[in-house]
Amino acid sequence: MMHAIKGMRDLLPPETALWRRLEDQAREVFRLYGFGEIRTPVLESTELFSRAVGAETDIVGKEMFTFQDRDDSSLSLRPEATASVVRAYVEHRLWERPGLTRLYYQGPMFRRERPQKGRYRQFSQIGAEVLGSGEPVVDYELLEMLSLLVARCGLRAELRLNSIGCPADRGRYHQALRAALEPVIGGMCADCQRRMHTNPLRILDCKVPGDQPIIAALPAIEEFLDAPCREHFAELRRLLDAGGIAYELAPRLVRGLDYYNRTAFEFVSSALGAQNALLGGGRYDGLARALGAPASPAGIDQAIGFALGEDRWILAMQADAGAAGQEPLDACVIPVGAAMTARALSVARQVRAAGFAAIVGDGARKLGKQLEMAAREGARFAVLVGEQEAAQGRLILRDLAAGEQREIPAVQLAEHLAPAREVAR
RNA sequence: GUGGGUGUAGCUCAGCUGGCAGAGCGCUGGAUUGUGGCUCCAGAAGUCGAGGGUUCAAAUCCCUCCACCCACCCCA
């Protein structure tokens, strides 16, 4: 049998209704905060990602779907979208448009990892970026917007927040970490011994119980922030407190992409498995410059953004909100006898023209079977199109939940269906 | 890339001290003509993940492979 390839899957009803609910909510929340939509290609030059995300990162180093095009150029399916958004920002000189650049996107991303719960090779992200300002208030509004989205989707999620400083701060922090680890690294797990050389920050993320006492004693990055970074973080925290946005300081929170600096955050959910990050993001000042933006005017390459994993978000919605996603069906139009089929189809057109969702039964089947089907499909009303009533231009409208029915003039059908809408909302 | 778990009907799974392939749900039909949800009856549907081995006999024991899931890693 043909099968979807590893790590890629079909999304089916009723779950797809949940996806649409998330995407509708996200679009609405983004609209409230003045964001516009950007759609970028799924395929980009491999170089874009090695320059933006970092050639040494796992994502670029071993997780991209990369291939040689016929002209020998190297192309990759995008593993994330920030790089593309910033490329577009630079390519179209979006900073020359009035105001800050506020963009959101939605679409599939690709990483060739081993699949597990909440992690697939093709997955969907929704993200947003604010480019053109480094002010803490921008960071604040982004986080406020995200907590609104979390609330609107009925999720229980916790905001974890950190500042990872600027590159110079991290350089000093790296040195201090290495110095502190030198005497004790021999007693740590094999992964940490490897990370010591590849990416010492990741040691902070280690989950091996035996390593925890050592990790707890390591210096925190906070001590190494320079004055501007320190002040930026302090101001953001003041704004969060004033805005009533709850968060937990996460001094060990690091981000896996090279471009992040200063503000780093994620929303985690306990409803997920090991992959518990619903969304992650942070500030990435300087990335636009690295991708070719000019040096002036000042601030054009300052930016912050986030990406949320839709696949994980849906898992959390199913767990937290118990959401099943079933779309309400207003009416099932039932031809009583095959001879009534054409008339039933016409009635269904009339119902749909009035904005109600309707399906049509199979007139070849017995009335009882058709009613059974209508009930199972979750229809609010059954509309019986029978020969006797049809002759007088009338229909039978049956309320399936109440088990009551009455005969009505066919022309009044739409107004009698109105209660169906109230139930749906 | 590494480790563990699981593969039996459309779905969820039982059967695994070798002996005729099962249940629940779902699906189709019926319980007399144009009235559903409950109930009852009947039916369709499986090369038991694939290949090999042991045996009179393998879903069951052994080997190899494959797929999926979970975890590590990494990240959204």
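So you know, we letter chains A, B, ... as the sequences are listed, proteins then strands, and number each from 1.
- No hydrogens or angles were tested; on distance alone, a donor-acceptor pair under 3.5 Å links the side chain of A:R119 to the base of B:rC74.
- You'll find that the side chain of A:K6 is closest to B:rC68, out of B:rC68, B:rC72, B:rU28.
- Separating the CZ atom of A:R78 from the P atom of B:rA76 is a distance of 15 Å, rounded to the nearest angstrom.
- Looking at heavy-atom distances under 4.0 Å, A:E63 makes contact with sugar-phosphate atoms alone, never a base.
- Here the C1' atom of nucleotide B:rG36 and the CG atom of A:L367 are 9 Å apart, to the nearest Å.
- What separates CD of A:Q116 from C1' of B:rA76 is a distance of 12 Å, to the nearest Å.
- When rounded to the nearest whole Å, the span between CG of A:D58 and C1' of B:rA76 equals 15 Å.
- Here the separation of B:rU28 from B:rC70, taken at their P atoms, is 32 Å to the nearest Å.
- The distance between atom NE2 of A:H3 and atom P of B:rA67, rounded to the nearest whole Å, is 10 Å.
- Among the protein residues, A:R112 comes within range of no part of the nucleic acid, since none of its heavy atoms lies under 4.0 Å from any strand.
- In this structure, the CG atom of A:L384 is 10 Å from the P atom of B:rU35, given to the nearest Å.
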Could you write out each protein N or O paired with an N or O of nucleotides 37-41 of chain B at a distance under 3.5 Å?
residue	atom	partner	partner atom	Å
B:rG37	N1	A:L400	O	3.1
B:rG37	N2	A:L400	O	3.3

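- Residue A:Y140 comes nearest to A:L239 through the heavy atom pair CE1-O, 3.4 Å, listed as atom of the first residue, atom of the second, then distance.
- With hydrogens and angles ignored, a donor-acceptor pair under 3.5 angstrom links the side chain of A:Q388 to the base of B:rG34.
- The listed nucleotides are B:rC73, B:rA76, B:rG1; the one nearest the side chain of A:R194 is B:rC73.
- Nucleic acid contact for A:E389: base, since at least one base atom lies under 4.0 Å from a heavy atom of the residue.
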